[in-house]
Amino acid sequence: MAQRVQEEDEQMMSTDDLIQAQIKLYHHCFAFIKSTALWAAIDLRIADVIHRNGGAATLSDLALNVGLHPTKLSHLRRLMRVLTVTGVFAVEDRNGEAMYTLTRVSRLLLNGDGEGTHALSQMARVLANPLAVVSHFSIHEWFTTEKATTMTPFEVAHGCTRWEMIANDAKDGSVFNAGMVEDSRVAMDIILKESCGIFRGISSLVDVGGGHGAAAAAIATAFPNIKCTVLDLPHIVAEAPATHSNIQFVGGDLFKFIPAADVVLLKCLLHCWQDDDCVKILRLCKEAIPARDAGGKVIIIEVVVGIGSEEIVPKEMQLLFDVFMMYVDGIEREEYEWKKIFLEAGFSDYKITPVLGARSIIEVYP
């Protein structure tokens with residue numbers, strides 16, 4: 001019966017419908033090329049070359065400054081064609097010659113040495129990391145094989161957890177931590193401009209899983225009266241730079257102890273864990289903070305699926321990010337899923353403020 005219905009549907013499909021369906025299918029198959037082209041642009045530092053060249057560069061300018069092999073000029077042109085059609089760079093015709101310029105996207109790939117620059121090139125490396133991408137090709141095995149279901153897709157693909165890889169591979173760990181610093185700087189810059197009130201009236205804050213302290217440094221700079229503590233694994237805080245005199249780094253296990261403070265900050269942490277572990281973390285957070293009327297709360301910066309910008313790209317990014325997080329058996333949650341773990345952890349109320357496009361601020365109260 002099902003086969004007959006399928007055959008009838010195929011017969012009813014016009015030639016144009018068939019062509020459009022084929023194009024859409026192949027377009028999905030080639031989606032990874034966007035990531036590999038972006039990765040190449042970062043490695044070649046194309047954005048920096050254009051910036052140093054006064055904001056515009058020809059193909060010859062790019063070739064000269066990225067160390068291009070003489071036989072690869074036409075290949076660079078093809079790469080730039082993809083990067084412009086996808087909006088990473090822009091191109092215009094100047095007297096018959098293609099001139100490449102920066103867009104809002106490629107400005108985020110600049111080196112970041114300039115004051116006020118929002119650099120996200122290392123974070124792009126984290127998200128488009130081949131180690132993570134390869135893990136997603138293990139999803140079928142992870143879904144269907146008994147042994148694999150007790151592991152993460154990353155473990156299935158690489159034989160160790162993502163966090164073990166970061167701890168044991170210095171280069172990978174360095175890129176990951178640098179990416180987290182970049183993302184925190186951009187996120188905190190937006191939050192401190194749009195929602196700085198969430199930090200007013202508090203005297204102490206602990207950033208759990210705060211890495212090298214980029215978020216804490218931004219808060220301590222904006223609010224010098226707030227004493228900030230960063231809790232992360234010992235090998236991570238051992239490499240943290242001394243960014244601010246009002247920040248204390250503590251090496252420890254977030255499943256065992258969270259230092260006391262008025263506010264606990266959890267930025268892009270709970271999406272790495274399933275509900276049971278999130279409840280354990282949140283219960284420790286609740287023990288670390290005072291009552292609500294004394295200013296106690298937990299601030300979470302995460303995706304709330306379905307909340308935020310109504311534009312298609314942020315909405316699609318939320319869902320893509322959710323599947324991306326499967327590689328560590330993580331999850332991006334809808335509001336009802338967040339509410340469930342908040343209540344189970346003993347919290348009484350919460351407030352969601354979507355100020356980060358695809359991500360939101362969630363204030364959770366004891």
Side-chain angles (χ1 to χ4, degrees), residues 31-57 61-62 65-66 76 79-92 99-130 132-133 174-195 211-215 217-218 221 243 267-268 271 301-303 308-309 311-318 320-321 324-325 332 354-361:
F32 75 97
I33 295 297
K34 293 181 181 181
S35 295
T36 57
L38 180 62
W39 188 282
I42 294 170
D43 278 346
L44 293 168
R45 301 190 69 169
I46 290 173
D48 288 310
V49 171
I50 294 173
H51 181 65
R52 289 197 304 266
N53 207 56
D61 293 329
L62 295 179
N65 286 278
V66 302
L76 178 62
L79 177 69
M80 292 305 296
R81 191 164 57 186
V82 168
L83 290 166
T84 53
V85 79
T86 55
V88 177
F89 295 97
V91 63
E92 55 186 77
M99 189 70 71
Y100 300 99
T101 58
L102 298 175
T103 65
R104 288 181 296 178
V105 175
S106 47
R107 288 188 183 281
L108 298 177
L109 303 180
L110 292 172
N111 195 11
D113 292 336
E115 185 178 351
T117 299
H118 293 139
L120 285 172
S121 60
Q122 297 305 307
M123 188 60 188
R125 289 183 188 276
V126 172
L127 296 176
N129 193 321
V133 174
S174 176
V175 171
F176 185 87
N177 289 321
M180 295 302 106
V181 167
E182 288 183 343
D183 185 69
S184 291
R185 284 175 177 165
V186 172
M188 294 311 301
D189 184 57
I190 296 169
I191 289 170
L192 290 170
K193 286 179 180 176
E194 303 295 331
S195 299
H212 289 179
T221 299
T243 55
K267 177 188 172 292
C268 297
H271 71 167
I301 301 172
E302 293 272 13
V303 168
S309 173
E311 296 180 7
I312 186 62
V313 171
K315 291 177 73 172
E316 184 176 312
M317 200 205 85
Q318 288 184 337
L320 293 174
F321 206 172
F324 174 81
M325 289 306 298
E332 303 296 351
V355 297
L356 293 167
R359 289 182 288 186
S360 296
I361 298 169

dist Met180:CE -> Lys267:NZ (nearest 0.5 Å) comes out at 6.5 Å
Rounded at 0.5 Å granularity, tell me how far CG in Leu83 sits from OG1 in Thr103. 10.0 Å
Run the side-chain contact (heavy atoms from CB on, under 4.5 Å) test on Leu102 and Leu110 for me, step by step, so that the C-alpha distance in whole Å, both residues' side-chain angles and the decisive distance to 0.1 Å come before the verdict. CA-CA 10 Å; Leu102 298 175; Leu110 292 172; 4.3 Å; yes
Mind checking whether Ser121 and Glu182 have side chains closer than 4.5 Å, heavy atoms only? yes
Given the rule in the side-chain contact (heavy atoms from CB on, under 4.5 Å) test, do Ile46 and Leu109 qualify, once you have shown the distances and angles that lead to the verdict? CA-CA 9 Å; Ile46 290 173; Leu109 303 180; over 6 Å; no
How many angstroms lie between OG in Ser106 and CD1 in Ile50, if you round to the nearest 0.5 Å? 6.5 Å
Compare every heavy atom of Thr221 with every heavy atom of Ala217, then report the nearest pair and how far apart it is. O-OG1, 2.8 Å
Without swapping roles, check the side chain of Gln318 against the backbone of Ala358 for a donor-acceptor pair under 3.5 Å. yes
Arg52/Asp61 ion pair, N-O < 4.0 Å: no
Taking NZ, NE, NH1 and NH2 as the nitrogens, is one of them in Lys193 or Asp189 under 4.0 Å from a carboxylate oxygen of the other? yes
Could you check whether any side-chain N or O of Glu302 sits under 3.5 Å from a backbone N or O of Glu332, counting only pairs where one atom can act as donor and the other as acceptor? no
Are side-chain heavy atoms of Phe321 and His271 found at a separation under 4.5 Å? yes
Determine whether a donor-acceptor pair (N or O, by modelled atom type, separation under 3.5 Å) exists between the side chain of Asp48 and the backbone of Asn111. yes
More than 12 heavy atoms of other groups within 6.0 Å of His212 NE2: yes
Run the side-chain contact (heavy atoms from CB on, under 4.5 Å) check on Leu38 and Lys34 step by step: do they pass? CA-CA 6 Å; Leu38 180 62; Lys34 293 181 181 181; over 6 Å; no
Would you say the side-chain atoms of Thr101 pair up with the backbone N or O of Gly55, donor to acceptor, closer than 3.5 Å? no
When rounded to the nearest 0.5 angstrom, what is the spacing between CG in Leu356 and CE in Met188? 9.0 Å
Mind checking what makes side chain to side chain contact (heavy atoms under 4.5 Å, CB included) contact with Ala40, not counting sequence neighbours? Leu79
Could you tell me which non-hydrogen atom of Val186 sits nearest to which non-hydrogen atom of Ala119, and how far apart they are? CG2-O, 4.4 Å
In Å, rounded to the nearest 0.5 Å, how long is the span from CE of Met80 to CG of Leu44? 9.5 Å
Is there a side-chain contact (heavy atoms from CB on, under 4.5 Å) between Val66 and Arg45? Walk through the geometry before answering. CA-CA 7 Å; Val66 302; Arg45 301 190 69 169; over 6 Å; no
Give a yes or no on this: more than 12 heavy atoms of other residues, nucleotides or ligands lie within 6.0 Å of atom CD of Glu311. no
Kindly say whether Phe176 contributes a backbone atom to a donor-acceptor pair with the side chain of Gln122 at under 3.5 angstrom? no
Under a 3.5 Å distance rule, please check whether Ser195 uses its side chain to pair with a backbone N or O of Ile191 as donor and acceptor. no
For residues Ser35 and Ala128, report the shortest heavy-atom separation together with the two atoms involved. CB-CB, 4.3 Å
Keeping the roles fixed (side chain from Thr84, backbone from Val91), state whether a donor-acceptor pair exists under 3.5 Å. no
Give the minimum heavy-atom separation between Gly179 and Met123, together with the two atoms involved. O-SD, 3.4 Å
Please give me the minimum heavy-atom distance between Ala56 and Met99, naming the atom from each residue. CB-CG, 3.6 Å
Give me the atom names and distance for the closest heavy-atom approach of Cys268 to Asp183. SG-OD2, 4.3 Å
Can you list the residues that meet the side-chain hydrogen bond (donor to acceptor under 3.5 Å, both in side chains) rule with Arg125, with sequence neighbours excluded? Asp43
